[in-house]
Protein chains: 2
Amino acid sequence: MPGDEGPRRRRGEGVDLVHALLREEILDLVRAPGSPIDEIHLAQRLFMSRTPVRAAIVRLASEGLVTVLPNRSAIVSTVDLVNLRPFLEALTLMHRVTARLAAERRTEADLAAIRVCQARFTRARSVRDRAIADRELHAAIAGAGRNPYYTTLLCRLLDEERRLWCLHPSTVDPHPEGMSQHEALLAAITSRDIAQADHLAQAHTLHLRTALAQDLRRHPPF
Amino acid sequence: MPGDEGPRRRRGEGVDLVHALLREEILDLVRAPGSPIDEIHLAQRLFMSRTPVRAAIVRLASEGLVTVLPNRSAIVSTVDLVNLRPFLEALTLMHRVTARLAAERRTEADLAAIRVCQARFTRARSVRDRAIADRELHAAIAGAGRNPYYTTLLCRLLDEERRLWCLHPSTVDPHPEGMSQHEALLAAITSRDIAQADHLAQAHTLHLRTALAQDLRRHPPF
DNA sequence: TCCTTAGAGTATACATACAGTATTCTTGTT
DNA sequence: AACAAGAATACTGTATGTATACTCTAAGGA
């Protein structure tokens with residue numbers, strides 16, 4: 001099977017390939033939360049053996065995107081409503097602390113990288129592209145804060161936020177104030193205004209919180 | 001080899017076994033930071049095949065305890081001095097936020113569990129046992145805060161702190177104020193005094209910070 | 001003497017075979 | 001007809017073989 005098709009992958013990139021593919025499919029909700037992941041079919045689809053597929057699943061499990069059931073198939077992690085409160089809580093804190101640190105420590109190179117992401121965000125048209133660009137933008141801001149622990153956690157939370165956005169597209173569909181919020185946040189980081197950056201980061205997640213609540217009221221999940 | 005010895009492990013617990021063993025050896029500095037991990041020898045030592053060993057290494061890599069070099073052997077993650085500032089920064093924030101939330105949300109059952117950990121901490125005699133008990137205690141406090149994101153990150157940071165303690169034992173060896181600090185923190189959480197819990201959590205890491213600085217001055221790593 | 005390079009050796013990344021468990025389908029009984 | 005027990009099936013966990021990539025050593029050339 002492995003040699004049947006495919007441009008004879010180089011040794012070592014098989015796991016990354018499966019990991020990236022599964023990750024995208026999970027975040028785009030192509031794979032529904034709770035749906036099982038069949039190692040064999042996935043391996044056959046990618047013309048490789050089960051070994052790298054299993055390794056990728058283990059990695060995704062430690063990132064929280066899949067849940068392994070012992071002696072059963074692994075499933076895509078569910079989007080739990082009881083998890084919503086701690087999620088928004090942690091997202092708010094990480095946005096605030098990374099924005100503060102970015103305002104404090106950013107270099108000119110950081111600002112340039114952030115502006116590239118911002119430009120990419122304004123060009124994004126689909127909900128999915130906006131979600132990806134938004135993640136990259138905030139990851140760049142966190143990177144300017146120079147604390148990999150915060151960056152890692154924020155990226156994980158932004159991944160979960162992407163699934164929420166795909167579940168409730170109306171929270172991001174018009175998104176007119178998203179850009180102006182970003183612009184204001186960038187201005188605060190540029191001028192090293194820590195208090196203002198903190199305030200705007202708080203407002204950013206507050207916006208998400210109210211939009212989600214509105215959406216849940218309009219489209220209750222029951 | 002697999003059936004040679006060992007009480008015929010049940011299916012599925014092999015990976016957990018290797019993971020737990022490697023984790024302990026890494027945190028106790030039995031395996032030096034930067035030292036390579038030989039899958040084959042480890043598998044032979046535990047009377048199992050390389051497959052579960054590899055799975056455990058992948059898990060440890062995603063937890064940050066080992067670093068996999070592509071097409072090379074995995075190595076124990078190094079304790080980097082340039083990482084010390086973000087580490088202490090994140091540790092302080094996580095201690096503060098988990099203590100605040102614990103003071104806000106703790107139940108009677110939480111208090112009972114925390115007190116069990118505290119009792120275990122006072123009974124601990126060796127540096128290693130104290131480090132383990134300290135981790136369990138703060139994990140219990142974080143658990144009372146009801147935010148798994150904070151709990152996960154704090155536990156990861158406490159693991160790294162354990163390696164620091166083993167590298168610089170003098171920071172914890174006498175440790176007379178550690179217990180009174182814990183007692184005061186527990187009192188604040190019990191009486192739901194959020195501001196006081198925050199303040200004490202901050203003092204807790206400040207103590208670690210100054211002790212580490214003192215120790216680094218006495219025993220410079222060069 | 002030092003740098004480059006070729007070859008042997010070793011260990012990882014992947015493939016595949018086997019074993020065990022969970023699920024499902026079938027069959028018999030009430 | 002509905003339920004239970006057993007068999008068949010399917011997929012996971014583990015073991016092991018194979019090929020590739022890296023390391024180390026040594027030899028040759030500058």
Side-chain angles (χ1 to χ4, degrees), chain A residues 1-23 25-26 31-32 34-62 65-78, chain B residues 1-23 25-26 31-32 34-62 65-78:
Chain A
M1 285 299 172
D4 275 7
E5 198 146 332
R8 194 163 298 281
R9 279 174 297 280
R10 268 186 305 280
R11 178 188 172 88
E13 64 185 18
V15 179
D16 295 332
L17 196 80
V18 186
H19 179 266
L21 178 74
L22 264 181
R23 193 188 121 86
E25 290 186 350
I26 291 171
R31 289 177 181 271
S35 62
I37 299 171
D38 191 325
E39 298 177 3
I40 296 178
H41 293 323
L42 189 56
Q44 287 175 345
R45 186 176 137 208
L46 297 176
F47 303 101
M48 57 174 67
S49 80
R50 283 173 45 214
T51 308
V53 174
R54 280 185 68 79
I57 289 177
V58 172
R59 270 177 57 182
L60 288 166
S62 58
L65 288 178
V66 312
T67 307
V68 290
L69 309 174
N71 287 324
R72 259 179 300 275
S73 76
I75 61 171
V76 179
S77 292
T78 55
Chain B
M1 284 296 173
D4 276 8
E5 199 144 331
R8 180 106 26 222
R9 279 175 297 279
R10 268 187 304 280
R11 177 188 172 88
E13 65 183 19
V15 179
D16 295 332
L17 196 79
V18 186
H19 179 265
L21 178 74
L22 263 181
R23 192 189 123 87
E25 291 186 350
I26 291 172
R31 287 177 182 271
S35 63
I37 300 170
D38 191 326
E39 301 177 358
I40 296 177
H41 292 323
L42 190 55
Q44 287 175 347
R45 186 176 136 207
L46 297 176
F47 304 102
M48 57 173 65
S49 79
R50 286 160 21 223
T51 308
V53 174
R54 279 187 66 80
I57 289 177
V58 172
R59 270 177 58 181
L60 288 166
S62 58
L65 289 177
V66 312
T67 307
V68 290
L69 309 175
N71 286 324
R72 258 180 302 275
S73 77
I75 62 170
V76 179
S77 293
T78 55

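Chain naming here is simple, since letters A, B, ... match the order of the sequence lines and numbering starts at 1 in each.
- Counting only heavy atoms from C-beta outward, the side chains of Ile57(B) and Val53(B) approach each other to under 4.5 Å.
- The shortest distance between side-chain heavy atoms of Arg31(A) and Leu22(A) falls below 4.5 Å.
- As a whole-Å value, the separation of Asn71(B) CG from dT23(D) C1' is 13 Å.
- Side-chain N/O atoms of Arg50(B) and base N/O atoms of dG17(D) include a donor-acceptor pair closer than 3.5 Å.
- If you take CD of Gln44(A) and P of dT16(C), they are 11 Å apart, rounded to a whole angstrom.
- In this structure the side chain of Val58(A) never reaches within 4.5 angstrom of the side chain of Arg54(A), judged on heavy atoms.
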Using a cutoff of under 3.5 Å, can you pull out all pairs of nitrogen or oxygen atoms linking the protein to nucleotides 9-11 of chain D, with atom names and distances?
residue: dC11(D); atom: OP1; partner: Asp38(A); partner atom: OD2; Å: 3.4

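- In this structure, CG on Leu42(B) lies 8.0 Å from CD1 on Ile37(B), to the nearest 0.5 angstrom.
- Between Arg9(B) atom CZ and dA19(C) atom P there is a gap of 17 Å when expressed in whole angstrom units.
- If you measure from atom CZ of Phe47(A) to atom P of dT16(C), you get 14 Å, rounded to the nearest angstrom.
- Between Arg45(A) and Leu21(A) the shortest side-chain heavy-atom distance falls below 4.5 Å.
- Atom-to-atom, CD1 of Ile57(B) to C1' of dA11(C) comes out at 12 Å; the value is rounded to the nearest Å.
- For Thr51(A), the side-chain contact (heavy atoms from CB on, under 4.5 Å) test picks out Ser49(A), with sequence neighbours left out.
- Per the geometry, CG belonging to Leu46(A) stands 12 Å off P belonging to dC14(C), to the nearest Å.
- Leu69(B) has its CG atom 13 Å from the C1' atom of dT23(D), to the nearest Å.
- Met48(A) places its CE atom 16 Å from the P atom of dT20(D), with the value rounded to the nearest Å.
- Of the side-chain N and O atoms in Arg54(B), one or more sit less than 4.0 angstrom from OP1 or OP2 of dA13(C).
- In this structure, Ser49(B) reaches the dA15(D) phosphate: one of its side-chain N or O atoms is under 4.0 Å from OP1 or OP2.
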Next on the checklist: Set out, in order, the CA-CA distance, both residues' side-chain angles and the distance that settles salt bridge (Lys or Arg N to Asp or Glu O under 4.0 Å) for Asp16(A) and Arg59(A), then state yes or no.
Outcome noted: CA-CA 10 Å; Asp16(A) 295 332; Arg59(A) 270 177 57 182; 2.9 Å; yes

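- Residues Pro70(A) and Val15(A) both approach DNA chain C. Their nearest nucleotides, taken by heavy-atom distance, put Val15(A) toward the 5′ side.
- For dA15(D), the base has a donor-acceptor partner in the side chain of Thr51(B) [N/O atoms by modelled type, under 3.5 angstrom].
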